[in-house]
Protein chains: 2
Amino acid sequence: MQSGPRTPRERTTYHHGALREALLDGAREMLAERGVEGFSLSALARRLGVSTAAPYRHFADRDALLDALCVEGYALFGAALERAGRTADDPRALLHALGVAYLTFAREHPAVFGVMFAERGDAVIDAGAPTFEPLVDAVVAAQDVGALPAGTDPRVLSRTIWASLHGLAVLSRQRGFVKLRIDDDDEALVRDALALLLR
Amino acid sequence: MQSGPRTPRERTTYHHGALREALLDGAREMLAERGVEGFSLSALARRLGVSTAAPYRHFADRDALLDALCVEGYALFGAALERAGRTADDPRALLHALGVAYLTFAREHPAVFGVMFAERGDAVIDAGAPTFEPLVDAVVAAQDVGALPAGTDPRVLSRTIWASLHGLAVLSRQRGFVKLRIDDDDEALVRDALALLLR
DNA sequence: GACTGCATGTTGACGACTTTAACATTCGCC
DNA sequence: GGCGAATGTTAAAGTCGTCAACATGCAGTC
């Protein structure tokens with residue numbers, strides 16, 4: 001009756017007891033260890049000491065499990081952004097904190113981050129919607145103090161800043177900046193980007 | 001002795017004659033039609049009317065074929081950027097043209113673009129290096145006319161602008177901006193971004 | 001407390017995929 | 001003309017995703 005095991009673990013009970021959570025936990029681990037390409041439902045079931053058909057009692061298919069992980073990821077991501085935002089008072093510092101949190105999340109959960117922003121169903125996209133609200137709020141605050149042009153649609157500004165952060169996250173995650181022969185940390189990446197974006 | 005067929009095509013000769021090119025062409029098509037997930041070496045071989053083992057005479061494995069496609073893609077991408085750059089004289093117009101070309105390439109070759117910037121080997125990353133030189137050159141030119149701060153390392157500026165464009169490309173490609181309820185075209189995305197980045 | 005239904009697991013199988021080893025054919029060169 | 005290397009084929013192993021048929025046990029009812 002114990003909960004999700006982490007290594008190929010033999011069960012005494014016929015029912016696992018908490019397979020759904022164990023699948024999510026295990027999938028998260030396997031994703032972190034092997035990446036999306038190396039993620040296999042069969043291997044996951046094996047690791048949990050359960051038959052390869054068992055996961056289908058909890059998820060329609062492999063993609064549904066990944067979708068669930070995405071939704072979970074968006075919640076984590078949104079929480080991280082919101083937490084980071086609370087420490088800052090100045091709108092510039094706020095945007096900086098959000099940016100660093102953005103890159104940090106991408107660096108700490110590279111596989112989940114990758115899956116979250118890969119081609120997924122509409123349900124996943126909808127789940128992601130609230131995640132980025134802190135960013136829009138911060139942009140509006142920055143407009144109020146003149147750090148961003150007041151006359152422009154805040155959604156347009158948010159989109160640009162979001163894209164900049166996202167691009168930094170994606171490119172640094174896959175060592176894209178190696179091509180420019182600079183290898184700065186998240187802090188510097190965000191600082192330099194905001195130096196250009198804000199006034 | 002004819003070259004690569006596009007549909008399951010029967011051959012009269014034992015040797016295909018141009019299997020390597022046919023594989024690359026076919027892979028490009030299949031990638032465009034079905035995306036990376038839907039890309040299968042077996043299906044490709046079948047479509048070319050060749051055994052499933054045949055591709056292994058030309059590529060070490062599935063990934064090697066995709067790598068080759070990436071290298072090809074970088075060349076195409078770089079050429080597109082360079083071509084777009086030639087039409088503009090003003091550095092601001094130059095950056096704008098490069099940006100639009102960036103988004104256009106991502107939109108027209110979404111699958112290849114995705115593979116190019118997915119986690120790939122070092123060889124692929126090296127192959128991508130020259131692709132982004134036009135961008136660095138344009139940044140320097142923009143510094144000269146005061147559109148970008150002159151005192152800053154151009155590589156740092158390039159990195160920021162590159163990330164912005166890349167983020168725009170990635171997020172608009174996967175409908176990320178749906179969350180902000182705006183659905184502009186590439187032109188508008190780039191214009192708004194550069195309005196913030198340049199002075 | 002036995003009965004029963006539903007959630008949850010297992011078994012076994014199918015078809016597709018990647019990859020390899022062993023064998024066949026042909027091209028190009030001496 | 002002959003021969004080796006390049007390029008195909010066949011057959012197989014091993015993995016994976018998925019499903020149908022069957023087994024088990026938990027929960028609630030009489």
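Only this structure's heavy atoms are used, side chains among them; waters, hydrogens and symmetry mates stay out. Throughout, a chain's letter reflects where its sequence line sits, starting with A, and its residues are numbered from 1.
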For the residue pair B/Met116 and B/His109, establish whether any side-chain heavy-atom pair is separated by less than 4.5 Å.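 Sidechains of B/His109 and B/Met116: no contact.
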
Quick note, B/Val50 side chain, CB onward, closest among C/dT10, D/dT9, C/dG9 is D/dT9

Between the main-chain N or O of [Y] and the side-chain N or O of [X], is there a donor-acceptor pair closer than 3.5 Å?
X	Y	result
B/Gln143	B/Thr152	yes
A/Thr87	A/Arg83	no
B/Arg20	B/Arg57	no

Distance in angstrom units between [X] [atom1] and [N] [atom2], rounded:
X	N	atom1	atom2	answer
A/Glu37	D/dT15	CD	P	19 Å
B/Glu21	D/dT7	CD	P	10 Å
A/Phe59	C/dT8	CZ	P	11 Å
A/Arg47	D/dC16	CZ	C1'	16 Å
A/Leu66	D/dC16	CG	C1'	14 Å

Please confirm whether the shortest side-chain N or O distance from B/His16 to OP1 or OP2 of D/dT9 is below 4.0 Å.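 It does not, given that no N or O in the side chain of B/His16 lies less than 4.0 Å from OP1 or OP2 of D/dT9.
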
Derivation and outcome, salt bridge (charged side-chain N to carboxylate O under 4.0 Å, His left out), residues A/Arg159 and B/Asp184: CA-CA 11 Å; A/Arg159 179 224 274 167; B/Asp184 284 343; 2.6 Å; yes

Where along nucleotides 16-25 of chain C does protein come under 4.0 Å, by heavy atom, of base (B) or sugar-phosphate alone (S), with - for untouched nucleotides? -SBBB-BBBB

Any residue meeting side chain to side chain donor-acceptor pair (under 3.5 Å) with B/Glu72, in chain and number order, not counting sequence neighbours: B/Arg28

